[in-house]
Peer 1: 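The structure under discussion is supplied below as structure tokens; questions concerning it will follow.
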Number of protein chains: 4
Amino acid sequence: MARERKFNTVELFQEAKHLLLQHGYDGFTFSLLADRMEISRAALYKYYDNKENLITDFMIYEMEDFLHDLKEIDKLEGFEQQFDFLIDVIFKKTELHELIKAAQHVMDRTEAAFTNKEKLKKLPLDMYKFLQRFILLGKDEGKLKSHIPDGLIIGFILQTVAIPNHFGIPKAEWIHSIKEIITQGMFINK
Amino acid sequence: MARERKFNTVELFQEAKHLLLQHGYDGFTFSLLADRMEISRAALYKYYDNKENLITDFMIYEMEDFLHDLKEIDKLEGFEQQFDFLIDVIFKKTELHELIKAAQHVMDRTEAAFTNKEKLKKLPLDMYKFLQRFILLGKDEGKLKSHIPDGLIIGFILQTVAIPNHFGIPKAEWIHSIKEIITQGMFINK
Amino acid sequence: MARERKFNTVELFQEAKHLLLQHGYDGFTFSLLADRMEISRAALYKYYDNKENLITDFMIYEMEDFLHDLKEIDKLEGFEQQFDFLIDVIFKKTELHELIKAAQHVMDRTEAAFTNKEKLKKLPLDMYKFLQRFILLGKDEGKLKSHIPDGLIIGFILQTVAIPNHFGIPKAEWIHSIKEIITQGMFINK
Amino acid sequence: MARERKFNTVELFQEAKHLLLQHGYDGFTFSLLADRMEISRAALYKYYDNKENLITDFMIYEMEDFLHDLKEIDKLEGFEQQFDFLIDVIFKKTELHELIKAAQHVMDRTEAAFTNKEKLKKLPLDMYKFLQRFILLGKDEGKLKSHIPDGLIIGFILQTVAIPNHFGIPKAEWIHSIKEIITQGMFINK
DNA sequence: AATGAATGAGCGTTCATTCAT
DNA sequence: TATGAATGAACGCTCATTCAT
């Protein structure tokens with residue numbers, strides 16, 4: 001009955017991700033996005049009331065996607081297998097980290113407490129809680145040192161993704177070495 | 001007979017750092033800076049042709065300052081002492097990390113290739129090269145695993161500072177645990 | 001076999017009046033109107049080429065409605081009865097005044113000279129001319145001072161409706177006092 | 001020390017008045033004003049933080065100007081002289097009425113309670129209070145009918161200025177007739 | 001050396017209007 | 001007939017930057 005849409009949400013989120021990673025929250029503009037999608041800025045406002053909404057909508061989509069991938073972890077038996085899987089998932093979604101940074105901008109700057117923001121606040125916590133089960137398993141199985149705080153273990157693992165590979169070491173070697181440091185440390189045991 | 005200068009560079013960099021950390025690159029404005037220094041925006045333009053220049057100048061200053069601190073490492077005997085020192089320096093200058101993020105904005109976004117940016121690009125590499133001597137020492141002393149790439153070791157250490165302490169674990173415990181993971185890993189050795 | 005029309009003109013004018021009074025000319029938008037009528041904005045464009053047309057159409061309808069009411073005046077015998085009737089009609093349609101204000105916006109601001117606007121310009125004059133018969137009667141009957149210009153008498157009466165009742169004097173008393181001033185003045189006759 | 005200003009406040013208020021009268025609050029835009037003054041929109045923002053501020057500033061200036069003129073009334077002896085003076089002042093500042101209408105827009109629409117708005121709210125009340133002294137005098141001297149509410153008397157007088165002179169009756173005659181109606185009414189006394 | 005004045009470009013947002021189904 | 005999709009122009013506002021004193 002109406003005209004056919006010139007773009008779909010998936011495409012929009014793709015471009016939004018690209019721009020958000022490249023320019024950050026403030027550098028992300030409707031002009032930029034509209035230009036890339038070859039639509040008018042106004043068109044975007046048909047679907048998102050404002051910049052904040054667009055970005056939080058996208059963030060939620062992205063985080064849920066990550067969580068979804070992550071939840072596959074439960075299908076694996078034993079801590080060590082799960083650990084390997086976790087590292088892989090994290091490195092598959094390298095960008096999420098950057099996005100979370102951008103997300104914080106949204107939260108810090110605007111007062112209004114929308115449902116979107118509530119959701120967004122909950123998602124990282126969900127993730128932490130979810131991963132805590134995994135940590136627990138590791139500690140139960142006697143694999144993980146029990147005296148190291150859970151939050152640090154999780155944070156540590158998640159953060160490795162952000163280590164800059166300045167010398168272009170091949171990905172496989174890179175990840176392998178990271179796993180080794182995380183598990184056994186970089187020091188030689190005597 | 002010239003009028004007395006109303007501001008000195010040290011104060012300027014101090015305020016710039018404060019604002020950059022508080023508002024990020026885009027949120028950093030000449031108005032804000034001029035207001036805090038109680039001079040006019042126009043005055044800033046006498047010393048810095050544009051925002052980019054001001055920020056890169058400051059970045060260089062900050063990085064050199066960090067490098068300067070870092071170089072004290074050579075005064076210490078033995079790898080393990082140096083390692084402890086390194087962690088301490090890094091955690092003393094936590095903000096540098098944030099600043100480097102802001103710096104990337106400058107580099108990524110603006111086209112013009114100034115000497116300033118060239119310098120800025122080189123500094124992290126300088127730092128890496130400098131730390132490589134430290135890594136070498138660790139490997140020579142048989143403390144550091146020799147098969148792990150130097151770049152990863154350095155990156156890993158530097159990155160720990162960015163792990164978010166979501167659960168507010170006390171700083172001393174936090175750093176201690178981080179050291180343990182880095183050196184011995186989070187897995188229990190059988 | 002045509003689809004049933006989703007809106008009728010009467011409802012449209014009702015809602016238009018409501019919105020025009022509430023938001024003024026500039027605050028009146030097609031979105032607002034379409035929302036209230038539960039149709040799409042586009043649908044309105046089937047009937048009215050543009051905002052201006054819609055509003056002038058409505059204005060004409062409203063004014064003619066007022067004129068229609070007003071013409072009942074002829075059914076009354078004698079000037080004094082007609083005078084009372086006139087005041088009542090005016091106060092019954094207090095909003096018309098506001099609407100006329102809004103109407104002026106249309107006339108002043110937009111260049112294009114449509115038939116609608118011509119009509120709209122003529123209506124107040126029609127009203128004036130019509131009321132002149134009433135003034136004439138008053139003067140003939142020796143009730144109205146003959147040396148006061150007709151236009152002023154009419155204007156004066158019509159304008160009273162716009163006097164702001166800042167202190168919330170009860171309507172009956174208010175109107176009564178107005179009538180007294182109009183007829184006998186506010187000064188005490190010696 | 002700095003560049004010479006391209007415009008002064010008086011000129012600005014003049015143009016603002018013009019535009020406000022012609023277009024009303026919503027129709028008044030910074031573009032329009034800047035164009036007329038041949039400066040950039042941005043320049044206006046150096047002096048007025050936002051549209052609301054500019055307009056309220058101007059309103060206050062205008063109202064205070066009117067009040068200032070009005071207060072000369074006290075220098076005249078006797079109610080009748082004061083009455084004549086009042087009518088003259090009002091007709092000299094015909095536009096004020098329109099401006100007050102526009103002012104109401106500002107008040108109605110924006111929530112924030114600035115000092116400017118407080119002032120603006122008080123000014124009409126000041127005027128009313130001030131005129132009440134004049135009304136009191138008239139009633140004391142036995143010139144004004146004491147049973148007509150003060151608010152109506154004041155409102156009535158102020159409103160006459162808005163009667164549209166559709167037939168272009170000469171100003172002197174117009175004002176003279178208005179005075180007669182106000183004081184003696186339009187009816188012939190028997 | 002320092003400043004207030006001024007500007008142009010850009011941003012987020014809204015709205016009247018047009019298009020294609 | 002009616003609609004959702006899309007757009008361009010404009011608005012309020014901010015900011016980096018330049019100018020003239």
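Numbered from 1 within each chain, the chains take letters A, B, ... in sequence-line order.
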Peer 1: Of all the choices, dA5(F), dC13(F), dG12(E), which nucleotide is nearest to the side chain of Phe30(A) once you look at every atom?
Peer 2: dG12(E)

Peer 1: Rounded to the nearest Å, what distance is computed from the CZ atom of residue Arg3(D) to the C1' atom of nucleotide dT7(E)?
Peer 2: 8 Å

Peer 1: In terms of the nearest nucleotide of DNA chain E, which residue is placed more toward the 5' end: Ser31(C) or Glu4(D)?
Peer 2: Glu4(D)

Peer 1: Counting only side-chain N and O atoms of Lys6(A), is one of them less than 4.0 Å from OP1 or OP2 of dA5(F)?
Peer 2: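 Looking at the OP1 and OP2 atoms of dA5(F), neither is under 4.0 Å from any side-chain N or O of Lys6(A).
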
Peer 1: In whole Å, I'd like the distance from the CG atom of Asp26(A) to the P atom of dA16(F).
Peer 2: 12 Å

Peer 1: With rounding to the nearest 0.5 Å, note down the distance linking CG in Asp35(B) to CD in Glu15(B).
Peer 2: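 Between Asp35(B) CG and Glu15(B) CD, I get 11.0 Å after rounding to 0.5 Å.
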
Peer 1: Quick check: does any side chain N or O of Lys51(C) sit under 3.5 Å from a backbone N or O of Phe28(C), one acting as donor and the other as acceptor?
Peer 2: yes

Peer 1: Could you tell me the separation between the CG atom of Asn53(C) and the P atom of dT17(E), rounded to a whole number of Å?
Peer 2: 9 Å

Peer 1: Whole angstroms only, please: what is the CG-P distance between Leu19(A) and dC11(E)?
Peer 2: 12 Å

Peer 1: Send over the distance from Asn8(D) CG to dA5(E) C1', rounded to a whole Å.
Peer 2: 14 Å

Peer 1: Between dA6(F) atom C1' and Met37(A) atom CE, what is the distance in whole Å?
Peer 2: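 So the CE-C1' distance, Met37(A) to dA6(F), works out to 13 Å.
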
Peer 1: Starting at atom NZ of Lys51(C), determine the distance to atom C1' of dC15(E), rounded to an integer number of angstrom.
Peer 2: 8 Å

Peer 1: For the atom pair CG (Asp57(B)) and CD (Glu52(B)), what is the distance rounded to the nearest 0.5 Å?
Peer 2: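 Here the rounded value is 11.0 Å.
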
Peer 1: Measure the shortest side-chain to side-chain distance between Tyr25(D) and Asp26(C) over non-hydrogen atoms and say whether it is less than 4.5 angstrom.
Peer 2: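 Tyr25(D) vs Asp26(C): side chains apart.
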
Peer 1: Whole angstrom is fine here: how far is it from OH in Tyr25(B) over to C1' in dA16(F)?
Peer 2: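 Between C1' of dA16(F) and OH of Tyr25(B): 10 Å.
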
Peer 1: Near DNA chain E, under 4.0 Å by heavy atom, which residues of residues 38-47 of chain A?
Peer 2: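 Arg41(A), Ala42(A), Tyr45(A), in order of number.
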
Peer 1: Tell me whether the side-chain N/O atoms of Thr29(D) come closer than 4.0 Å to OP1 or OP2 in dC11(F).
Peer 2: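 For Thr29(D), the contact criterion (side-chain N or O under 4.0 Å from OP1 or OP2 of dC11(F)) is met.
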
Peer 1: Step by step, would you call Phe58(D) with Tyr48(D) a ring pair (Phe, Tyr, Trp, His ring centres under 6.0 Å)?
Peer 2: CA-CA 11 Å; Phe58(D) 158 68; Tyr48(D) 302 93; over 10 Å; no

Peer 1: Tell me what Tyr48(D) touches on the nucleic acid: a base, only sugar-phosphate, or nothing, going by heavy atoms under 4.0 Å.
Peer 2: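 Answer is nothing: Tyr48(D) stays at 4.0 Å or more from every strand.
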
Peer 1: Where do Met59(C) and Leu20(C) land on the side chain to side chain contact (heavy atoms under 4.5 Å, CB included) test, with the steps shown first?
Peer 2: CA-CA 10 Å; Met59(C) 295 286 193; Leu20(C) 222 38; 4.0 Å; yes

Peer 1: Once you apply the 3.5 Å cut-off to both distances, tell me the Watson-Crick or G-U wobble partner of dT3(F), or none.
Peer 2: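 Looking at the geometry, dT3(F) pairs with dA20(E).
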
Peer 1: Start with the C-alpha gap between Leu33(C) and Leu54(C), add the side-chain angles, then the distance that decides, and say whether side chain to side chain contact (heavy atoms under 4.5 Å, CB included) holds.
Peer 2: CA-CA 11 Å; Leu33(C) 183 56; Leu54(C) 190 154; 3.8 Å; yes

